[in-house]
Amino acid sequence: MRLALPFRWLATAAPLLLVAACRSDSADCARCRTLVIAATGEPTHLLPPLVQESVARDIGDQIYERLADLAPGAPPIDSTAYRPALASRWERVDSVRWRFHLRPGARWQDGRPVTAEDVRFSFDAFEDSTLGSQARDYLAGKLTVSAEDSATVLIQFAKPSSEQLFNATYHVRILPSHVWSDIPRDRWPADTLLSHLVGSGPYRIAAWKHGEYLRLVADSTASDPPAVREVVWRFTQDPDATVNLVLSHEADLLETAGGPRNVERASHDSTLRLLPYASAAYGFLGFRIRGGPGDELHPIFGDVATRRGLAMAVDRETLARSTFGREAKAPPGPMSQLLWIWDDGIRTLPFDTAQAARTLEAAGWRRRDTVSTRQRGSKALSFDILVPSTSPSRRQIAVALQAMWQAVGAAVTVTAVDFPVFQERLEKGQFDSYIGAWLDEPSPRSLVEQWTRAGWGVLNYGHYSNPAFDALFDRAGRAETVDSARRLYRQAMDTLNADAPAIFLYAPANVAIASRRVEGVNIDPYSWVSGLRAWRLTR
């Protein structure tokens, strides 16, 4: 959903100069303190409980703060991996309670002090069904927040968990209660006043011209203001137009080049540099094991041996790199390169076309010759791959899979549909197989909805179920130490891969494009510009 946000911008010449990047040959470049970021798409809203798009999160993370920040790539169950943010320190009281002490002197950008009541109010807003926050499922009914005094917050969980500190800090950005408490929450989505977007972070919003750009300026009241004094997001609706803003030096920074061709184009410009980093995404081909009106077994994919045979016919590594570039990998399970449970020692089915053919033969799929389609009784080894027409990369992968499976005797068609139709067919079980893609968060727990029995009716569209996998995954999620959790997650992934409910095809890497005038860039892939306050502009 996109809302037209009628923000106004003064039509004077001087402010508009800020929308252009600072060119190295510019006479006044030494005075330029503005960073320009190119982005595809535009936020619907910047108020954290309403944020849906990643670009909204990127901008909002410059304005609002969490209580604490998890170090990039660190396991959420490692309590030593968190860094102070709005809270300067915290301690565990007992098995279900944590106490947070707010940063001394913390203030909102309108000058009001940040209080423990603001924290309580913020958690309540994120849990409110009226706002529909994406974090609500992780918070509602699972914790309570209270103010012990003006600067001390107590968070009490309903039950012990190794991810309590993660739940207390990762999802919720703190809001000013004095701004929002008197506004009914059903009116929050329609509120377009920039003066209400007040945070405690390093930047405040200065202007937003819908469809064109948004400008942030460093908060002058901050005790340690960022070196980059102004940041402008320029919005386009077309990925190629976004890339061209950087290649034409109208922007300094782009989250991802979007493919090998654009990486190659940028590599020839000596004023730019490429910054590879792991993506939070992974992609897979999912089989429909059960589903349809009677939730019956699929006539082909209800058989584990058939799924295993087809999986061994797929050259995952070649497929991943030919589609997404040399930094992409074939994942050892349902995970991106970022997820801390990634382990190269997880057992996966090998790429072996001879073994694939033998496995299919043993499963009853016979072939008259090397070019015919296999049959089991009167049933042909023939099925369809469903893909969204909006994803060229998924269509490309589907065509490659079609050729690989034809080589072992499977007749495969590819159906591309608009994304709403794609989603509807998944939810109704109207598919044989599909190519899906998910974004990770730092915790593996979202895999529960994707691959366990609890995910039926949620995201487990193929209706895979194995009690042994579910039990291992549950134990891993309750493990108290990183080592024990890693061991259990590895066992769970071994079990999942042996069942082959899906073929985990790719875990891509992004390549950011940056002007060489931007220094000190360290990218946290879960929020790629979150470290902006430490970056510098050299000219």
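Basis for what follows: all heavy atoms, side chains included, without hydrogens, waters or symmetry-related copies.
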First locate atom CD1 of Ile341, then atom OG of Ser443, and finally report the distance between them rounded to the nearest 0.5 Å. 9.0 Å

Is it true that Ser279 and Ser336 share a donor-acceptor pair across their side chains at a distance under 3.5 Å? no

Classify the side-chain pair Thr452/Asp470 by whether it contains a donor and acceptor separated by less than 3.5 Å. no

Any side-chain heavy atom of Val51 sitting closer than 4.5 Å to one from Tyr64? no

Do Ser527 and Asp524 have a side chain donor and acceptor closer than 3.5 Å? no

Would you mind checking if Arg517 and Asp252 are paired as a salt bridge, meaning a charged N to carboxylate O distance below 4.0 Å? yes

Are there more than 12 heavy atoms of other residues, nucleotides or ligands under 6.0 Å from atom CZ of Arg326? no

When you check the side-chain N and O atoms of Tyr461 and Gln423, is any donor under 3.5 Å from an acceptor? yes

Quickly, which of Tyr464, Phe284, Phe473, Phe469 forms a ring-ring contact (aromatic ring centres under 6.0 Å, His included) with Trp451? Name it, please. Phe284

Out of curiosity, Phe157 CZ to Leu139 CG, how far, rounded to the nearest 0.5 Å? 8.5 Å

So, taking the atom named CG in Leu310 and the one named CG in Leu349, what distance separates them when rounded to the nearest 0.5 Å? 11.0 Å

Side-chain contact, heavy-atom cut-off 4.5 Å: Ser465 with Trp456? yes

Between Arg367 and Glu361, is the closest basic N to carboxylate O distance under 4.0 Å? no

Return the CH2 to CD1 distance between Trp535 and Ile523, rounded to the nearest 0.5 Å. 6.0 Å

Kindly assign one of parallel, tilted or perpendicular to the pair Phe301 and His298, based on the angle between their ring planes and the thresholds 30° and 60°. parallel

If the threshold is 4.0 Å, N to carboxylate O, is there a salt bridge linking Glu296 and Arg290? no

State whether Arg83 and Asp69 are salt-bridged, where the test is any N-O pair (Lys NZ or Arg NE/NH1/NH2 against Asp/Glu carboxylate O) under 4.0 Å. no

Looking just at side-chain N and O atoms, do Ser161 and Glu163 make a donor-acceptor pair shorter than 3.5 Å? no

Do Arg307 and Asp499 sit within salt-bridge range, that is, some charged N less than 4.0 Å from a carboxylate O? no

Thr242 versus Thr40, side-chain donor and acceptor atoms under 3.5 Å: yes

My understanding is that only one of Asp315, Leu505, Ile503, Val412 makes a side-chain contact (heavy atoms from CB on, under 4.5 Å) with Leu401; could you say which? Leu505

Any salt bridge between Asp483 and Arg487, counting N to O under 4.0 Å? no

